[in-house]
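Read the structure below first, then the notes.
In the text below, chain A, chain B and the rest are named by the order of the sequence lines, each starting its count at 1. Note that the structure is predicted; figures quoted are calculated from it, not measured.
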Number of protein chains: 2
Amino acid sequence: MARATKPDCKPADHRGAARHLPVNPEAMDRAAAIFRALSEVPRLRILALLSQGPSCVSELAAAEGEDLSTISQRLRVLRAERLVKRQRAGKHINYSLADQHILDLVFNALAHASEAPAAAAAASEPSPSAKKGKSR
Amino acid sequence: MARATKPDCKPADHRGAARHLPVNPEAMDRAAAIFRALSEVPRLRILALLSQGPSCVSELAAAEGEDLSTISQRLRVLRAERLVKRQRAGKHINYSLADQHILDLVFNALAHASEAPAAAAAASEPSPSAKKGKSR
DNA sequence: AGAACAGTTGAACAGATGTGCAAGTGTTCT
DNA sequence: AGAACACTTGCACATCTGTTCAACTGTTCT
């Protein structure tokens with residue numbers, strides 16, 4: 001059982017920090033679930049589409065060049081996290097963002113994305129000794 | 001080839017919307033990747049821990065009751081998205097949030113999570129006909 | 001009622017991802 | 001130099017998730 005070996009490295013060495021988390025497990029679960037729903041480009045695209053106004057499934061499908069089933073499944077995920085809501089309108093069902101709040105989330109991520117090129121976490125440390133070229 | 005069948009449902013029926021997305025593919029990719037990194041509770045917990053100040057891997061491992069390897073892998077994911085940064089301090093390596101910006105993201109999600117109970121997207125439609133009990 | 005349209009849902013598959021173990025790298029201490 | 005500590009990385013395995021096809025539900029039109 002992976003119990004961590006208590007190291008000689010005490011919190012005080014760095015700062016006074018690392019007492020137990022202030023966030024409750026439930027909130028964490030929800031947040032993680034929301035992030036997971038947002039973690040796929042196709043779903044993000046749907047939100048982008050919906051940010052311009054409500055659309056029915058067929059419309060989204062046409063815009064994305066996908067079939068209804070696929071779009072419906074994606075919407076299902078988004079709906080499960082209350083990111084979008086739906087409303088019947090005769091034969092079709094219109095989807096729309098649950099609230100503008102959600103766009104903040106996406107814009108925030110987008111903003112962070114632009115700040116750093118992200119990716120394979122390369123050169124960033126001061127590199128104290130600056131060894132010669134790394135192979136990988 | 002799942003080409004969508006163009007329906008009789010034209011955009012104008014709902015609103016004037018659904019022209020092509022205003023967001024570029026690259027940004028979407030990044031955003032999705034960031035969200036994916038945030039989509040697991042264990043990683044969220046690490047961020048929560050780091051929000052209280054820098055910690056070394058051993059410290060995080062001890063706090064979470066996990067082994068170094070596991071924590072290291074999680075940090076790797078977070079680092080790949082530039083959510084955390086590291087800095088050597090002698091024998092240990094201190095990790096810290098890349099910037100406070102990130103907490104906004106999490107708090108935003110947390111906020112949204114509290115707003116709605118989320119989950120299995122149940123009763124929400126006005127239920128026009130309110131048919132009797134659904135079997136499933 | 002029956003046909004056609006609009007979506008949803010279930011199941012099967014493939015690809016992606018987290019976890020944990022073992023082995024490897026970089027630092028400090030003796 | 002060698003030993004011990006602090007991490008990181010490669011791998012294998014089990015799990016999860018997205019996509020797609022087929023079948024089913026709900027609406028509107030004739």
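For B:Asp67 and D:dT8, the CG to C1' distance is 12 Å, given to the nearest whole Å. In this structure, A:Gln87 places its CD atom 18 Å from P of C:dA6, rounding to the nearest Å. What separates CG of B:Leu44 from P of C:dG18 is a distance of 13 Å, to the nearest Å. What separates CD1 of B:Ile71 from C1' of D:dC5 is a distance of 18 Å, to the nearest Å. Between the CD atom of B:Glu59 and the P atom of D:dC5 there is a distance of 18 Å, given to the nearest Å. C:dG18 atom P lies 19 Å from atom CG of B:Leu68, rounded to whole Å. In this entry the distance linking CD of B:Glu64 with C1' of C:dG18 reads 15 Å, nearest Å. A:Ile93 has its CD1 atom 13 Å from the C1' atom of C:dT9, to the nearest Å.
Look at B:Arg36 and you won't find any side-chain N or O under 4.0 angstrom from OP1 or OP2 of C:dA16. Distances shorter than 4.0 Å separate none of the side-chain N or O atoms of A:Arg88 from OP1 or OP2 on D:dG26. For B:Tyr95 and D:dA6, the shortest distance from a side-chain N or O to OP1 or OP2 is not below 4.0 Å. Proximity of A:Arg74 to the phosphate of D:dT19: a side-chain N or O atom is located under 4.0 Å from OP1 or OP2. Distances shorter than 4.0 Å separate none of the side-chain N or O atoms of B:Thr70 from OP1 or OP2 on C:dT19. OP1 and OP2 of D:dG18 both lie 4.0 Å or more from every side-chain N or O belonging to A:Arg76.
Hydrophobic cluster membership is shared by A:Ile34 and A:Leu97, with clusters built from Ile, Leu, Val, Met, Phe, Trp and Tyr side chains linked at under 4.5 angstrom. Follow the hydrophobic side-chain contacts under 4.5 Å out from A:Met28 and you reach A:Leu105 in the same cluster. Residues A:Leu110 and A:Leu50 share a hydrophobic cluster, clusters being chains of Ile/Leu/Val/Met/Phe/Trp/Tyr side chains in contact below 4.5 Å.
No N or O donor and acceptor, one from the side chain of B:Ser69 and one from the base of C:dT19, sit under 3.5 Å apart. Side-chain atoms of A:Gln73 and base atoms of D:dT20 include a donor and an acceptor less than 3.5 Å apart.
Between A:Gly90 and A:Arg43, the one whose closest nucleotide on DNA chain D sits nearer the 5' end is A:Arg43. Along DNA chain D, the nucleotide closest to B:Val57 and the one closest to A:Pro42 are compared, and the more 5′ of them pairs with B:Val57.
Evaluated for a salt bridge (charged side-chain N to carboxylate O under 4.0 Å, His left out) with A:Arg74, the options A:Glu40, A:Glu66, A:Glu81 yield exactly one hit, A:Glu66.
Among C:dC21, C:dT27, D:dT8, the nucleotide with an atom closest to any side-chain atom of B:Lys91 is C:dT27.
Annotation: side chain of B:Val84 is not in contact with side chain of B:Ser96 (no heavy-atom distance under 4.5 Å).
Across all strands shown, B:Glu40 has heavy atoms under 4.0 Å from sugar-phosphate atoms exclusively, and none from any base.
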